[in-house]
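One structure below.
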Amino acid sequence: LEFRRVLFRSGRERPSQLVNVSYSVVKQQAWDREIRGLTKVTSGLAKAERLLVVHEHGNRTPPRGVKIVEAWRYLLDLSSNS
C-alpha cells in the first residue's frame with residue numbers, strides 16, 4: 001500500500017498551486033516519496049504550480065514542473081504578502 005499526499009491546494013475550483021512539505025529530502029526514500037506526491041497528482045491539476053517546501057534538500061534538482069523552496073523563504077514570502 002502506498003500513500004501519496006499533497007498537503008495544501010491553493011484555489012477552490014482549479015487550484016493554482018500544490019504544496020508538499022517535508023523536513024528533509026536528503027535521503028533517497030524521502031525524496032522519491034515527496035516528489036511522487038507532487039508529480040502523480042491528476043484530475044484537472046496539470047497546470048497548477050508544484051512546490052516542495054523543505055528545511056534540508058541536499059542540493060537536489062527537482063523534476064520539470066516542481067520547484068523546491070526552503071521553508072524559511074516560503075514563510076517569509078507568506079508573511080510579506082499578508
Side-chain angles (χ1 to χ4, degrees):
L1 178 64
E2 186 172 325
F3 181 67
R4 293 186 197 134
R5 73 205 184 313
V6 172
L7 297 175
F8 176 72
R9 291 177 11 157
S10 173
R12 290 181 186 249
E13 297 299 319
R14 291 203 178 264
S16 59
Q17 191 176 68
L18 302 172
V19 180
N20 212 356
V21 179
S22 180
Y23 180 81
S24 175
V25 291
V26 172
K27 291 184 179 179
Q28 188 65 41
Q29 182 179 5
W31 172 254
D32 292 343
R33 179 187 63 241
E34 301 304 334
I35 291 299
R36 192 170 39 251
L38 287 169
T39 58
K40 299 296 181 188
V41 174
T42 58
S43 65
L45 303 174
K47 294 183 180 182
E49 177 184 26
R50 288 159 165 74
L51 297 177
L52 177 57
V53 179
V54 297
H55 176 70
E56 298 176 335
H57 57 82
N59 295 320
R60 293 197 178 262
T61 302
R64 188 170 161 218
V66 176
K67 181 179 176 185
I68 295 177
V69 180
E70 293 167 316
W72 68 269
R73 289 183 194 270
Y74 184 78
L75 293 171
L76 186 62
D77 187 49
L78 282 179
S79 67
S80 67
N81 288 329
S82 53

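Note that the structure is a prediction, hence the values are computed from the model and not measured. By convention here, the first residue in the shown sequence is residue 1.
Of all heavy-atom pairs spanning L51 and L38, the tightest one is O-CD1, 3.5 Å. Closest approach of A48 to R50, counting heavy atoms only: O-NH1, 2.9 Å. Listed here is the closest heavy atom pair of V53 and V19: CG2-CG1, 3.7 Å. G58 approaches V26 most closely through the heavy-atom pair N-CG2, 4.0 Å. Closest heavy-atom contact between A30 and S24: CB-O, 3.6 Å. Of all non-hydrogen atoms in V21 and E34, the two that sit nearest each other are O-OE1, 4.1 Å.
In the hydrophobic clustering (ILVMFWY side chains linked at under 4.5 Å, chained through shared members), W72 is joined by L76.
With sequence neighbours left out, the side chain to side chain contact (heavy atoms under 4.5 Å, CB included) criterion links Q29 to no other residue.
Rounded to the nearest 0.5 Å, atoms NZ (K40) and CD1 (I35) are 11.5 Å apart. The distance from the OG atom of S22 to the NE2 atom of H55 is 11.0 Å, given to the nearest 0.5 Å.
Q28 places a side-chain heavy atom less than 4.5 Å from the side chain of R60. A 4.5 Å side-chain heavy-atom check between W31 and L52 finds at least one atom pair inside the cut-off.
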